[in-house]
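FYI, the numbering just counts along the sequence from 1. Note that the coordinates shown come from a computational prediction; the quantities given were computed from them, not determined experimentally.
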Amino acid sequence: MNPFFENDKTDWEDLGDGLSRKIIGYTPDLMAVFVKFEKGAIGHPHTHDIHDQIGYVAAGSFEAEIDGVKKILKVGDAYIAPKMVMHGAVALEEGSMLIDMFNPARQDFL
């Protein structure tokens with residue numbers, strides 16, 4: 001694993017449906033990922049069996065839903081979704097971006 005992340009030297013991975021990501025870095029126990037959303041793109045509600053997740057709003061704004069509770073989040077805000085808790089988000093602005101952090105690392109992203 002490279003101990004440095006250089007944003008301008010890392011390509012976006014197109015996930016479809018208005019979503020793309022860049023893996024910032026990871027260890028076996030921790031992962032950070034940029035997730036960019038087009039306006040209206042949806043991070044569909046889901047749960048993780050083994051991953052705790054924190055999503056930090058780096059750009060734009062989102063309607064986030066955690067365990068059935070919806071809240072508008074703007075730059076500097078965050079949400080916490082422990083394992084087995086339903087969560088999702090909808091981008092309210094073009095170019096909205098999350099920094100998602102996972103424990104442990106998401107092997108399915110590698």
Side-chain angles (χ1 to χ4, degrees):
M1 191 215 65
N2 187 344
F4 299 100
F5 171 77
E6 296 176 272
N7 190 40
D8 61 347
K9 294 182 181 179
T10 305
D11 293 329
W12 288 99
E13 177 185 355
D14 184 2
L15 303 175
D17 297 324
L19 298 169
S20 54
R21 75 174 165 224
K22 291 184 183 188
I23 296 173
I24 297 169
Y26 62 93
T27 69
D29 298 317
L30 181 64
M31 175 178 268
V33 180
F34 278 128
V35 185
K36 184 169 59 173
F37 290 66
E38 294 175 7
K39 183 177 181 178
I42 300 170
H44 292 283
H46 62 284
T47 62
H48 302 284
D49 292 337
I50 64 169
H51 299 100
D52 290 323
Q53 178 178 350
I54 296 173
Y56 173 83
V57 181
S61 60
F62 293 86
E63 179 185 74
E65 182 174 357
I66 308 295
D67 204 18
V69 177
K70 292 183 179 182
K71 191 159 198 76
I72 303 298
L73 300 178
K74 60 185 181 343
V75 173
D77 295 339
Y79 65 84
I80 300 169
K83 61 181 121 317
M84 303 307 297
V85 171
M86 186 69 66
H87 61 284
V90 177
L92 301 177
E93 301 175 48
E94 186 64 32
S96 290
M97 191 177 323
L98 293 173
I99 299 174
D100 280 337
M101 293 153 279
F102 298 97
N103 174 7
R106 296 282 306 264
Q107 294 299 314
D108 55 322
F109 285 11
L110 302 176

Exercise. With no hydrogens and no angle check, do the side chains of His48 and Gln53 hold a donor and an acceptor under 3.5 Å apart?
Worked result: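 Yes.
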For this session: With side-chain contact (heavy atoms from CB on, under 4.5 Å) as the test, would you mind laying out the steps for Glu65 and His87 before giving the verdict?
Result: CA-CA 5 Å; Glu65 182 174 357; His87 61 284; over 6 Å; no
What heavy-atom pair brings [X] and [Y] nearest, and what distance separates the two atoms?
| X | Y | value |
| --- | --- | --- |
| Pro82 | Asp52 | CA-OD1, 3.3 Å |
| Ala81 | Ile66 | CB-CD1, 4.4 Å |
| Leu73 | Ala64 | CD1-CB, 3.7 Å |
| Pro104 | Pro28 | CB-O, 3.4 Å |
| Gly60 | Ser96 | CA-OG, 3.4 Å |
| Ile72 | Asp77 | O-OD2, 4.4 Å |

For this session: Give me the ring orientation class for Phe109 and Phe102: parallel if the planes are under 30° apart, tilted from 30 to 60°, perpendicular past 60°.
Result: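 Taking Phe102 first and then Phe109, their aromatic rings stand perpendicular (interplane angle over 60°).
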Among the clusters formed by ILVMFWY side chains lying less than 4.5 Å apart, do [X] and [Y] turn up in the same one?
| X | Y | result |
| --- | --- | --- |
| Met86 | Tyr79 | no |
| Tyr56 | Leu19 | no |
| Val33 | Tyr26 | yes |

For this session: Using side chain to side chain donor-acceptor pair (under 3.5 Å) as the criterion, list what pairs up with Asn7, not counting sequence neighbours.
Result: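 Lys22.
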Exercise. Any chance the rings of Phe37 and Phe62 have centres within less than 6.0 Å?
Worked result: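 Between Phe62 and Phe37, which both carry aromatic rings, the centre distance is below 6.0 Å.
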Roughly how far, to the nearest 0.5 Å, is the [atom2] atom of [Y] from the [atom1] atom of [X]?
| X | Y | atom1 | atom2 | result |
| --- | --- | --- | --- | --- |
| Ser61 | Glu93 | OG | CD | 3.5 Å |
| Ile99 | Met101 | CD1 | CE | 6.5 Å |
| Lys83 | His51 | NZ | NE2 | 9.5 Å |
| Ile42 | Glu63 | CD1 | CD | 10.0 Å |
| Leu30 | Arg106 | CG | CZ | 13.5 Å |
| Asp100 | Ile23 | CG | CD1 | 11.5 Å |

Problem set entry | Check against side-chain contact (heavy atoms from CB on, under 4.5 Å), Ile54 and Asn103 | CA-CA 9 Å; Ile54 296 173; Asn103 174 7; over 6 Å; no
For this session: Please list, chain by chain and in numerical order, all residues satisfying ring-ring contact (aromatic ring centres under 6.0 Å, His included) with Phe5, sequence neighbours excluded.
Result: Phe34
For this session: In sequence, state the C-alpha distance, the side-chain angles, and the governing distance for Arg21 and Glu13, and then conclude on salt bridge (Lys or Arg N to Asp or Glu O under 4.0 Å).
Result: CA-CA 5 Å; Arg21 75 174 165 224; Glu13 177 185 355; 3.2 Å; yes
For this session: Please say whether more than 12 non-hydrogen atoms of neighbouring residues, nucleotides or ligands are located less than 6.0 Å from CD1 in Ile80.
Result: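 12 or below, so no.
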